[in-house]
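To keep things clear, I will list the structure first and then write my remarks on it.
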Amino acid sequence: YTCDRAALLVAQDANVVVNGLLKLFAGTQDRGGTTTLNAESFINQAQEYDQLLKTANPLVRASIERQVRTHPLPVQRVAQLEKWSKS
């Protein structure tokens, strides 16, 4: 996605961008001292989601693709950012 790619061009580090996206998705407020954001785990989840979607039943894949959203799912954004950063 263009805004994520632009952030990567500015930051020159995918982990910095992913950490920023995580803060946008999950918020920054610590609720009781137990909130920790792990960018590496989220990247792994994004890659796993991408792989599972590729091998999913065609009906499931079509259903997910037809869902109306104003923004892509966070895992999709991170997966695409990772692919682009490695290309």
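Below, each value reflects all heavy atoms present in this structure, side chains not excepted, and no hydrogens, waters or symmetry copies. Quick caveat: nothing in here was measured; it's all calculated off a predicted structure. Along the sequence shown, residues are numbered consecutively beginning with 1.
- At a threshold of 4.5 Å between side-chain heavy atoms, the hydrophobic network of Ile, Leu, Val, Met, Phe, Trp and Tyr places Tyr1 and Tyr49 in two separate groups.
- Contact between Ala39 and Asn19 at its shortest, heavy atoms only, is CB-OD1, 3.3 Å.
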Next on the checklist: Under the criterion side chain to side chain contact (heavy atoms under 4.5 Å, CB included), I'd like the reasoning laid out for Phe25 against Leu21: C-alpha separation, chi angles, the key distance, then a yes or no.
Outcome noted: CA-CA 6 Å; Phe25 305 146; Leu21 289 172; 3.6 Å; yes

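- At least one donor-acceptor pair under 3.5 Å links the side chain of Gln76 to the backbone N or O of Leu73.
- Counting only heavy atoms from C-beta outward, the side chains of Cys3 and Arg77 approach each other to under 4.5 Å.
- With sequence neighbours excluded, the residues that form a side chain to side chain donor-acceptor pair (under 3.5 Å) with Asp50 are Lys83.
- Looking at Asn15 and Ile43, their side chains come closer than 4.5 Å, going by heavy atoms from C-beta outward.
- Residues Val10 and Leu22 fall into different hydrophobic clusters, defined by Ile, Leu, Val, Met, Phe, Trp and Tyr side chains chained together at heavy-atom separations under 4.5 Å.
- Note: the hydrophobic cluster containing Val18 does not contain Val16 (ILVMFWY, side chain heavy atoms under 4.5 Å, direct or indirect links).
- More than 12 heavy atoms of other residues, nucleotides or ligands lie within 6.0 Å of CD in Gln12, so this atom counts as buried by the packing criterion.
- The nearest pair of heavy atoms linking Lys54 to Arg61 is O-NH1, 3.2 Å.
- Residues Val17 and Ala11 come closest through the heavy atom pair CG2-CB, 4.0 Å.
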Checklist entry - Would Asp4 and Trp84 satisfy side chain to side chain contact (heavy atoms under 4.5 Å, CB included), going step by step from the backbone distance to the final call? => result CA-CA 10 Å; Asp4 301 333; Trp84 192 75; over 6 Å; no

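- Here the closest non-hydrogen pair linking Ile64 and Leu53 is CD1-CD1, 3.8 Å.
- Arg66 meets the side chain to side chain donor-acceptor pair (under 3.5 Å) test with no other residue; sequence neighbours excluded.
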